[in-house]
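Below: one structure, written as structure tokens.
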Amino acid sequence: MADLVPIRRAILSVSDKTNLVAFAKGLVGHGVELISTGGTAAALKAAGLTVTAIDDVTGFPEIMNGRVKTLHPKVHGGLLGVRDDKSHLEQMKKHDIRPIDLVCVNLYPFEQTVSKPGCTEEEAIENIDIGGPSMIRSASKNFEWVAVVTNPSHYDRVLQEMGGNNGCTSRSLRHELAAEAFATTSRYDAAITAYMTRRAAALYPPLLKLEFVKADDLRYGENPHQSAAMYRLLERPSEAPPRRGPTIAGAEQLHGKELSYNNINDASAALELALALKRVDAGRVGACVVKHTNPCGAAMAGNAFDAIDEAIAGDPVAAYGGILAVNDEVDAAAAQRVCEKDVFLEVIAAPRFSAEALEMIRARWANIRLLAVGEADVDLPPSPDTPLEYRSIPGGLLVQERDLRLARLDEFEHRAGPAPSEEQIELARFLEATAKFLFSNAVLVGGLSPARTGNGGGGGNGAGGKAIRMFGAGAGQMDRVTACGLAVGKAGNLAQDAVAFSDAFFPFSDGPRLLIDAGVKTIVHPGGSKRDQETFDLCESRGVTCLTTGLRHFRH
């Protein structure tokens, strides 16, 4: 096999005709015979170039409105024939098949077509290229002898190499072009698969193909001995703008050192919770502090200062070195709070930062990462184009729908004790949104914030004009009783008259008893245990309101 292979015949068939004529003229300047199809041939002839029509090569006309034109042995035999294989050469001579040394093809604009509003299925199907990918794959397979060009950006490079090698291309260039060509057909097939799967409403297709592009190599993974990288979901310029809302992967870093694997993972969990709080009450500011992907503090208040202040107060010890996410602008007052001596944060994620806030935080902290994630649309369903989540396991992948739902107001069912007030329902909804992000088994205690002094400009517009926040949580426990004990232990005296939320039912009444003994006055859980009645009877006898939602929120 030779390194340098001359180009004598080339087939050109492109949808994107950018710089096509200049490339064709360059090939002709090296004595290359041009073979072409349909509109490409017309464009080349209009530029004064001599072109051999594809039906002159095949001896067969283009038929079926151009669906069949290059699918012929005289095309694919010319591409796939191995030039130093005696039997191949004998068969090519016998069947009058001449070698084709270069294929220049870019495909029907399928992605651009299906991204247009009102695109019909018929239009989409007619823009599925068959002959183009076939020629690309044939040429790529035989890259030892054939050059394949699928992108106008490579035209000049091919001509330059031919100019320096007496009309020949090198093996290294052909190999590189073939690799890109296979990637092109792979992406093309993936786009068609995605379209057909959506049309068939298959949430879990028989073949799952994910496409991500590497954004960064990270310093290391969860631990220093593990390597890591971050990938972003692949977005093509031809596609309609994505509607997935703010993400950490798409955030703009405004300050601080590079993000670590753990920073990104925790910040993503924090941002999801902050956005969930916006869906609970778009009229107030929500904030949370996350540590090891579990919220250790969360709050809603009338302004960013109070929301951040209350979130930190949820567990000041755990909040130290945590990740803060806010669903509204970090202004000067909020910046003043995060610059106080009792605060140390790794990351702050927010839709935006005021100029004054940026100046204050940058002056106070050299390394803190500030991430501007952009605005959230509360009218947009959460993550509408990414409804699934994926978890790798050795030898496979688990795929499930993301847990995006919160209980509707009519799903909060009164089961025991005094009827709930609007305030208790509001607290229950806030706690559900927060507990959903705790590892199971999870129990969360929270309520109206106690009177706190601050310089943020007031205490919110929530129930009773006060902020609401979590007081304590038990998360990731092997039994729910221990989770209850941890939650009230963290809450301390704040458990008096508080609301408790459990991510799943109580199998026995021992957990609820711990909560009630600590002073909790409202218990909310999904229900569904064979012994639910024991919990209901306990609450009734102790004058504690008990609500069920019918909606479990396990997170592992």
Side-chain angles (χ1 to χ4, degrees), residues 245-246 266-291 293-302 306-308 310-311 314-315 323-328 349 351 376-383 389 401-412 420 422-449 460-463 466-475 483 487 498-504 522-526 547-555:
D266 286 350
S268 184
L271 177 60
E272 279 204 272
L273 173 50
L275 295 176
L277 294 179
K278 194 174 188 71
R279 292 192 293 274
V280 170
D281 188 344
R284 288 194 283 185
V285 179
C288 65
V289 181
V290 162
K291 200 77 166 286
T293 72
N294 279 290
C296 57
M300 293 197 304
D306 287 335
I308 293 170
E310 297 290 351
D315 191 336
I323 309 290
L324 171 68
V326 191
N327 60 26
D328 203 353
D377 184 352
V378 295
D379 296 323
L380 181 68
S383 301
E389 63 183 7
E401 287 186 280
R402 299 180 64 208
D403 182 12
L404 299 172
R405 194 161 91 76
L406 296 172
R408 301 186 305 270
L409 284 175
D410 61 3
E411 291 178 305
F412 285 91
E422 289 186 10
E423 178 183 286
Q424 287 170 306
I425 294 294
E426 180 184 19
L427 291 168
R429 295 183 66 231
F430 161 75
L431 292 174
E432 180 193 16
T434 305
K436 191 162 68 77
F437 293 92
L438 291 165
F439 283 121
S440 190
N441 290 318
V443 175
L444 180 61
V445 174
L448 295 177
S449 173
N461 59 358
K466 292 185 178 180
I468 58 178
R469 69 171 170 88
M470 62 178 283
F471 298 149
V499 178
F501 188 95
S502 175
D503 67 343
T522 306
I523 294 177
V524 188
H525 64 105
L547 305 172
T548 59
T549 65
L551 189 62
R552 193 181 74 181
H553 290 298
F554 272 168
R555 178 171 174 252

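Hydrogens, waters and symmetry mates play no part in the numbers below; they use all other heavy atoms, side chains included. Please read all numbers here as calculations on a predicted model, not as lab measurements.
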- request: Of all the heavy-atom pairs spanning F430 and M470, show the shortest one and how long it is.
  value: CE2-N, 3.7 Å
statement: Value for NZ (K436) from CD (E272), rounded to nearest 0.5 Å, stands at 7.0 Å
query: Which of these, V280, T549, L551, sits in a side chain to side chain contact (heavy atoms under 4.5 Å, CB included) with L406?
result: V280
Minimum heavy-atom distance between F501 and L431, given as atom pair plus value: CB-CB, 3.8 Å
message: Any side-chain to backbone donor/acceptor pair from R552 onto A504? Under 3.5 Å, distance only.
response: no
message: Counting C-beta onward and ignoring hydrogens, is there a side-chain heavy-atom pair between L409 and R429 closer than 4.5 Å?
response: yes
message: I'd like to know if the side chain of N294 and the backbone of F439 have a donor-acceptor N/O pair within less than 3.5 Å.
response: yes
field: Flag side-chain contact, heavy atom, 4.5 Å: F471 against D315
entry: no
Side-chain heavy atoms of I425 within contact of L547, under 4.5 Å: yes
CD on E389 to CG on L404, rounded to 0.5 Å: 8.5 Å
Contact summary for G286 and L277, nearest pair of heavy atoms: CA-CD1, 4.1 Å
field: Distance (rounded to the nearest 0.5 Å) between E432 CD and R405 CZ
entry: 8.5 Å
message: Tell me the closest heavy-atom pair linking G446 and A498, and the distance in Å.
response: O-CB, 3.5 Å
task: Identify whether the distance between the nearest side-chain nitrogen and carboxylate oxygen of R284 and E426 falls below 4.0 Å.
output: yes
- prompt: Minimum heavy-atom separation for A301 to A307, with atom names?
  reply: CB-N, 3.6 Å
message: If I take atom NZ from residue K291 and atom SG from residue C296, how far apart are they, to the nearest 0.5 angstrom?
response: 6.5 Å
task: Using the side-chain contact (heavy atoms from CB on, under 4.5 Å) rule, take V285 and N327 through it: C-alpha gap first, then chi angles, then the decisive distance, then the call.
output: CA-CA 6 Å; V285 179; N327 60 26; 3.8 Å; yes
message: Measuring from atom SG of C288 to atom CD1 of I308, what distance do you get when rounded to the nearest 0.5 angstrom?
response: 10.5 Å
task: State, yes or no, whether a side-chain contact exists between L438 and L444 at a heavy-atom distance under 4.5 Å.
output: yes
- prompt: Which atoms form the tightest heavy-atom contact between I323 and A267, and what is the distance?
  reply: CG2-CA, 3.6 Å
Minimum side-chain heavy-atom gap D403-H553 below 4.5 Å: yes
CG on L448 to CZ on R469, rounded to 0.5 Å: 11.0 Å
